A.B. asks: 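Structure provided below as structure tokens; questions to follow.
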Amino acid sequence: MHPSKLELLKGNKIIIGISEVSKITGISTRQLRYWEKKGYIHSVDRSKRFREFSLDTVIKIEHMKDLLEEGFTLVAAYEKVDKKMKLFKKMKHLFINNYEGIIELEDGKAAIDFGYFNANEEEHLYFIFDESTDKSYFQAGNINNKK
DNA sequence: TTTCTTACA
DNA sequence: TGTAAGGA
């Protein structure tokens with residue numbers, strides 16, 4: 001019922017100009033424009049005066065850059081990343097739709113609440129992680145039932 | 001000042 | 001691909 005705490009990510013509403021994208025990814029503005037022309041990436045609204053890229057696209061660009069550095073051709077990198085992005089989007093969707101918040105535990109650990117663990121809606125699934133030891137694990141139960 | 005397209009190096 | 005030119 002309550003809105004997701006990850007609205008910004010949910011709608012992919014984080015938009016970045018070509019100059020910033022270039023700085024972030026290390027891909028020149030010339031390349032970015034070329035990649036778009038070839039259809040490897042898309043800007044948000046081409047009817048606008050200036051190009052803007054979504055956060056997902058920036059991530060796509062970073063993946064392509066990595067593959068390029070590994071020796072793949074531009075086309076090969078694009079095809080490979082395009083498949084991976086579909087999985088990435090599904091994963092993002094899954095995470096965003098199940099994320100119920102983050103909880104600080106007494107012992108210095110933190111827990112991400114992923115919502116109900118089973119169909120009975122009795123227990124939640126938590127991802128527990130301890131920064132001091134760098135250890136993490138999943139746990140079912142009810143850590144912090146507010147109210 | 002920044003971004004855009006086009007075109008040449 | 002980089003860069004210059006000339007507008008927006």
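Worth saying up front: this structure is predicted, and the values here are computed from it rather than measured. A, B, ... follow the sequence lines: proteins, then strands. Residue 1 opens every chain.
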A.B. asks: Looking at A:Arg46, I'd like to know whether one of its side-chain N or O atoms comes within less than 4.0 Å of OP1 or OP2 on B:dT5.
C.D. replies: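 For A:Arg46, the contact criterion (side-chain N or O under 4.0 Å from OP1 or OP2 of B:dT5) is met.
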A.B. asks: Answer yes or no: does a side-chain N or O of A:Arg49 lie under 4.0 Å from OP1 or OP2 of B:dC4?
C.D. replies: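 No, because none of the side-chain N or O atoms of A:Arg49 sits under 4.0 Å from OP1 or OP2 of B:dC4.
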A.B. asks: Verify the contact: side-chain N or O of A:Thr29 to OP1 or OP2 of B:dT3, cut-off strictly under 4.0 Å; return yes or no.
C.D. replies: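 No, A:Thr29 has no side-chain N/O under 4.0 Å of OP1/OP2 on B:dT3.
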A.B. asks: Could you state the NZ-C1' distance from A:Lys23 to B:dT3, rounded to the nearest angstrom?
C.D. replies: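 That distance rounds to 13 Å.
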A.B. asks: Could you give the CZ-to-P distance, from A:Arg33 to B:dT5, as a whole number of Å?
C.D. replies: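 Going from CZ in A:Arg33 over to P in B:dT5 covers 7 Å.
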A.B. asks: For A:Phe50 and A:Leu74, find the nucleotide of DNA chain C closest to each by heavy atoms; which residue's nucleotide sits nearer the 5' end?
C.D. replies: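 This one resolves to A:Leu74.
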A.B. asks: Give the rounded distance in Å between these two atoms: OH of A:Tyr40 and P of C:dT1.
C.D. replies: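 Going from OH in A:Tyr40 over to P in C:dT1 covers 10 Å.
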A.B. asks: Once the angle between the rings of A:Tyr78 and A:Tyr40 is folded into 0 to 90°, is it parallel (under 30°), tilted (30 to 60°) or perpendicular (over 60°)?
C.D. replies: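 The arrangement is tilted - the two ring planes meet at 30° to 60°.
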A.B. asks: Rounding to an integer number of Å, can you tell me how far A:Lys37 NZ sits from B:dC4 P?
C.D. replies: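 Distance check: A:Lys37 NZ to B:dC4 P gives 14 Å.
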A.B. asks: Does A:Lys84, at its NZ atom, have more than 12 non-hydrogen atoms belonging to other residues, nucleotides or ligands within less than 6.0 Å?
C.D. replies: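 Not more than 12 within 6.0 Å, no.
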A.B. asks: When Watson-Crick pairs (N1 to N3 and N6-O4 or O6-N4) and G-U wobble pairs (N1-O2 and O6-N3) count only below 3.5 Å on both distances, what is the dot-bracket string of DNA chain C, with | for other-strand pairs?
C.D. replies: ||||||.|
A.B. asks: What do you reckon, is CZ of A:Phe127 surrounded by more than 12 foreign heavy atoms closer than 6.0 Å?
C.D. replies: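 Check passes, neighbour count above 12.
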A.B. asks: What integer distance in Å separates A:Glu20:CD from B:dT1:C1'?
C.D. replies: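 These atoms are roughly 14 Å apart.
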A.B. asks: Within a strict 4.5 Å, meaning less than it, do heavy atoms of the A:Val58 and A:Thr25 side chains meet?
C.D. replies: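 A:Val58 vs A:Thr25: side chains touch.
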A.B. asks: Figure out the NZ/C1' separation between A:Lys48 and B:dT5, and round it to whole Å.
C.D. replies: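 Rounded to the whole Å, the gap is 20 Å.
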A.B. asks: Look at the rings of A:Phe88 and A:His63 and say which category their plane angle falls in: under 30° parallel, 30 to 60° tilted, over 60° perpendicular.
C.D. replies: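 Perpendicular: the ring planes of A:Phe88 and A:His63 meet at over 60°.
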A.B. asks: Let's test your reading of the model: under 3.5 Å, does the base of C:dT3 pair with the side chain of A:Arg30 as donor and acceptor?
C.D. replies: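 Between C:dT3 and A:Arg30, which were checked side chain against base, a qualifying N/O pair under 3.5 Å is present.
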A.B. asks: Respond yes when some side-chain nitrogen or oxygen of A:Arg51 is under 4.0 Å from OP1 or OP2 of B:dC4, and no when none is.
C.D. replies: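 Affirmative; the distance criterion is met.
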A.B. asks: Can you check whether A:Phe117 and A:Tyr126 have ring centres sitting under 6.0 Å from each other?
C.D. replies: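 For A:Phe117 and A:Tyr126, the ring centres are not under 6.0 Å apart.
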A.B. asks: Going by an N to O cut-off under 4.0 Å, is there a salt bridge joining A:Glu36 and A:Arg33?
C.D. replies: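 A:Arg33 and A:Glu36: not salt-bridged.
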A.B. asks: Please report the distance, rounded to the nearest Å, between CH2 in A:Trp35 and P in C:dG2.
C.D. replies: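 Distance, rounded to whole Å: 11 Å.
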